[in-house]
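Some notes on the structure that comes next.
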2 protein chains.
Amino acid sequence: MKEQQRRPTLMDVAQAAGVSRALVSIVMRGVPGAAESTRQKVFEAARELGYRPDSRARLLRSSRTKLIGLSFSSSQPFHAEIVDAAYAQASSRGYEIALSAVANGRTETRAVESLLDFGSEALVMISPTLTAEELDRYSGQVPVVSLLRNDVGELVDAVSSDDIAGIRLGVEHLADLGHRNIVHVDGGIAVSAQQRSEAFRSEMQGRGLEATAIPGGPGEEDGLRAARSLRDNLPTAVIAFNDRSALGLIEGFRASGLQIPSDVSVLGYDDSQLARLSYVQLSSVSQDAPLLAAAAVDRAVDRIEGTVGPAHVVRTPHLVIRKTTALPRA
Amino acid sequence: MKEQQRRPTLMDVAQAAGVSRALVSIVMRGVPGAAESTRQKVFEAARELGYRPDSRARLLRSSRTKLIGLSFSSSQPFHAEIVDAAYAQASSRGYEIALSAVANGRTETRAVESLLDFGSEALVMISPTLTAEELDRYSGQVPVVSLLRNDVGELVDAVSSDDIAGIRLGVEHLADLGHRNIVHVDGGIAVSAQQRSEAFRSEMQGRGLEATAIPGGPGEEDGLRAARSLRDNLPTAVIAFNDRSALGLIEGFRASGLQIPSDVSVLGYDDSQLARLSYVQLSSVSQDAPLLAAAAVDRAVDRIEGTVGPAHVVRTPHLVIRKTTALPRA
DNA sequence: TCATGTGGCTAGATCGTTCTAGTTCATCCA
DNA sequence: TGGATGAACTAGAACGATCTAGCCACATGA
């Protein structure tokens with residue numbers, strides 16, 4: 001078993017290069033204050049020893065961590081795309097992302113505390129489920145950005161997509177195709193579910209159509225159940241709470257021998273990877289999650305660095321029409 | 001905008017409680033050495049001030065971080081289940097998990113370095129793609145556990161599932177049902193793909209059956225493509241590299257008007273959430289990922305704490321028979 | 001010639017903890 | 001009685017970085 005050697009420190013590098021610790025620090029941070037020749041010498045010594053700065057010590061002293069905490073839910077594949085985008089944006093602005101998952105038996109509070117313990121200078125939370133008050137409390141410590149949810153207090157940043165506009169786009173699309181009997185399968189207790197549900201109601205009523213919403217949820221099984229309950233009283237189109245639910249709906253309809261979209265049109269929400277699969281080709285409302293993620297990271301960085309106060313940014317979603325929506329059955 | 005107040009330190013608590021810093025430290029860590037009455041006093045003061053220990057300082061001093069670094073791939077929903085299980089196991093052994101994703105434009109090396117920077121005392125890597133040499137190099141710094149891949153050096157721990165046994169179970173199951181014309185859709189360049197492919201070949205040959213493997217990959221689209229290429233020369237059963245590929249296969253077959261399993265049996269691998277969806281009901285080889293994850297975390301902790309050397313742990317997978325495998329068509 | 005700057009470098013304090021080595025004081029036992 | 005024991009507590013040095021202040025040598029300008 002190879003010996004676990006002690007990690008080299010600034011001191012070791014300094015000795016090897018024959019300079020002071022402080023100078024090594026200057027070189028490693030790339031700030032002015034060292035001659036080019038010694039810079040090389042120090043780099044050489046550091047490389048040789050395999051030196052890596054100890055971020056704990058560094059951060060303890062400088063109080064800057066250049067770290068943005070990101071909480072996500074491990075059970076939402078959709079969040080993975082956001083994580084990807086956040087990494088990219090953070091790194092382009094010179095920050096690192098500290099990840100923490102909300103999982104089975106691991107609450108959001110726990111995830112956030114762990115991010116704070118790592119020294120995150122700001123928090124980006126994907127679809128946070130904490131109350132507005134709790135979020136406010138954290139925002140007393142570091143800037144907090146709520147992603148994909150905007151009913152949060154004034155102290156908290158919010159980067160979200162306009163659910164009302166999204167649902168309107170969906171209803172509009174289906175109505176334009178000629179659908180009159182449209183049902184919404186809601187998201188149950190999921191974040192944003194209520195907003196979408198209400199948006200649906202008001203948009204339908206605004207068009208003089210009957211707004212029927214039935215209970216659903218954020219998963220495939222929820223969609224499946226909803227499809228079963230719709231079997232006997234089939235609408236011509238369904239707007240799902242999200243893509244996963246939409247997939248369940250489609251499967252449920254198929255199981256009853258129905259064709260999509262000739263018998264029923266199905267519209268998803270999120271435009272996730274799932275929707276784009278070539279055998280799914282789900283029409284969906286796109287929130288442009290990667291863009292939102294980048295915007296959230298941007299806000300976090302701006303809050304950390306600048307003097308800007310919190311703000312609520314709302315982007316308008318757009319429709320991606322694929323193959324699960326079409327003219328209603330004759 | 002609420003003022004970002006300075007975080008209270010041990011010193012503040014000590015002053016408030018009228019004792020020394022060291023004693024507060026003793027109380028906060030819950031170690032013996034303080035009278036019950038002062039313990040209460042200190043707790044009270046800490047609560048009042050909203051004190052939270054600064055983990056950076058704490059860890060800097062104690063050199064223990066109680067942190068296990070976990071690298072995963074954000075594009076593999078399957079990994080999410082492992083993350084969940086790892087969190088649970090780590091926390092039950094008194095450790096925290098530091099997460100780092102391998103994503104688009106973020107290499108595994110980058111992910112690992114970031115984990116080391118956080119001070120991880122061990123690394124658990126899910127299906128690592130680094131070479132055995134690179135893994136060895138890291139294992140000079142901290143214990144490294146490779147999860148779901150076992151062709152790594154002696155210096156690195158490996159917790160994996162027996163691919164040969166897994167494929168054998170699959171072939172056995174199908175052969176027992178009466179299938180003779182079985183095709184394997186491989187995983188392309190994915191980790192473990194080659195092992196499974198070879199296991200398939202040898203198992204089929206051992207039974208005097210022809211071993212046909214065709215190129216695939218780890219995603220739905222790969223399965224879909226494979227299904228198309230099989231259309232004209234349909235086997236009675238297909239063993240996919242994983243569940244996602246199996247799903248693609250099923251969709252591809254369905255698109256050609258074939259029924260699963262009456263026309264073709266399809267067997268997945270991983271027994272992921274997907275497989276369990278009620279409208280999928282995919283028969284699959286289960287690696288029992290959560291169990292493996294727990295085992296990996298256990299090994300990491302044992303390596304950190306004890307004097308055990310690295311070992312390769314191999315578990316035998318088992319078959320989960322659902323509704324996509326059945327007797328061959330007559 | 002002498003003050004003034006400036007680039008290159010260093011010593012030592014500092015961040016918020018934990019750890020080591022005590023000190024103090026009451027109790028116990030021969 | 002007096003030494004040993006132990007519980008409760010503390011001072012001060014670490015941990016590995018960054019930051020502040022200042023030193024030194026040399027160039028510059030009046």
Side-chain angles (χ1 to χ4, degrees), chain A residues 4-43 45-46 49-67 94 96 116-121 141, chain B residues 4-43 45-46 49-67 94 96 116-121 141:
Chain A
Q4 224 89 273
Q5 67 269 33
R6 194 180 56 84
R7 214 178 151 157
T9 75
L10 260 197
M11 192 57 183
D12 299 321
V13 178
Q15 271 169 355
V19 296
S20 72
R21 277 170 319 150
L23 190 55
V24 177
S25 171
I26 287 170
V27 172
M28 295 316 286
R29 279 177 295 148
V31 299
E36 189 50 39
S37 59
T38 44
R39 234 172 245 280
Q40 293 310 326
K41 207 168 50 180
V42 169
F43 274 135
L49 293 174
Y51 169 76
R52 319 201 56 220
D54 181 322
S55 56
R56 291 161 296 169
R58 158 178 285 175
L59 307 177
L60 169 58
R61 174 60 233 217
S62 65
S63 74
R64 293 301 317 273
T65 63
K66 289 268 183 174
L67 213 56
E96 255 284 2
L116 288 177
D117 281 347
F118 280 141
S120 303
E121 295 187 62
Q141 299 180 49
Chain B
Q4 224 90 274
Q5 67 270 35
R6 193 178 60 84
R7 224 178 145 160
T9 74
L10 262 195
M11 192 59 182
D12 300 321
V13 178
Q15 271 168 357
V19 296
S20 71
R21 279 169 314 150
L23 191 54
V24 178
S25 170
I26 286 170
V27 172
M28 296 315 286
R29 278 176 296 149
V31 298
E36 191 51 39
S37 59
T38 44
R39 235 171 244 280
Q40 294 309 329
K41 205 167 51 180
V42 169
F43 274 136
L49 295 174
Y51 169 77
R52 315 196 56 217
D54 182 323
S55 61
R56 291 164 296 177
R58 159 176 284 179
L59 304 177
L60 169 59
R61 173 62 236 215
S62 66
S63 74
R64 292 299 316 272
T65 62
K66 291 270 188 173
L67 213 57
E96 256 283 3
L116 289 177
D117 282 347
F118 281 141
S120 304
E121 295 186 62
Q141 299 181 49

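In what follows, chains are A, B, ... by sequence order, proteins preceding strands, each numbered from 1. Note that this is a predicted model, so its numbers are computed, not measured.
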So what does [X] touch, heavy atoms closer than 4.0 Å: a base, only the sugar-phosphate, or nothing?
{"X": "A:T38", "answer": "sugar-phosphate"}
{"X": "B:A22", "answer": "base"}
{"X": "A:P53", "answer": "sugar-phosphate"}

| task | Please state whether the base of D:dT10 and the side chain of B:R21 form at least one donor-acceptor pair under 3.5 Å? | result |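 Counting by modelled atom types and ignoring angles, no donor-acceptor contact under 3.5 Å is found here.
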
Take the protein atom CG of B:D54 and the nucleotide atom P of C:dT18, then report the distance between them rounded to whole Å.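 Those two atoms, CG and P, are 10 Å apart.
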
_Gap between atoms CD and C1', on A:E36 and C:dG7 respectively (whole Å)_ =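 That distance rounds to 14 Å.
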
On a heavy-atom basis, which atom in B:R39 and which in B:V27 lie closest, and how many Å separate them?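 Looking at all heavy atoms of both residues, the closest pair is CG-CG1, 3.9 Å.
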
- Query: Should A:R56 and B:D117 count as an ion pair when the cut-off is N to O under 4.0 Å?
  - Reply: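 Looking at A:R56 and B:D117, the cut-off is not met.
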
Do the side chains of A:K66 and A:E96 get close enough for a salt bridge, i.e. N-O under 4.0 angstrom?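 A:E96 and A:K66: not salt-bridged.
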
- Distance, nearest 0.5 Å, that separates CE of B:M28 from OH of B:Y51: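 If I round to the nearest 0.5 Å, the distance is 5.5 Å.
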
So, OP1 or OP2 of D:dT10: does either fall under 4.0 Å of a side-chain N or O from B:S20?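 Indeed, a polar side-chain atom of B:S20 lies that close.
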
Query raised in the report: D:dC9, C:dC19, C:dT17: which one has an atom nearest the side-chain heavy atoms of B:L23?
Result: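 From the listed options, D:dC9 comes nearest.
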
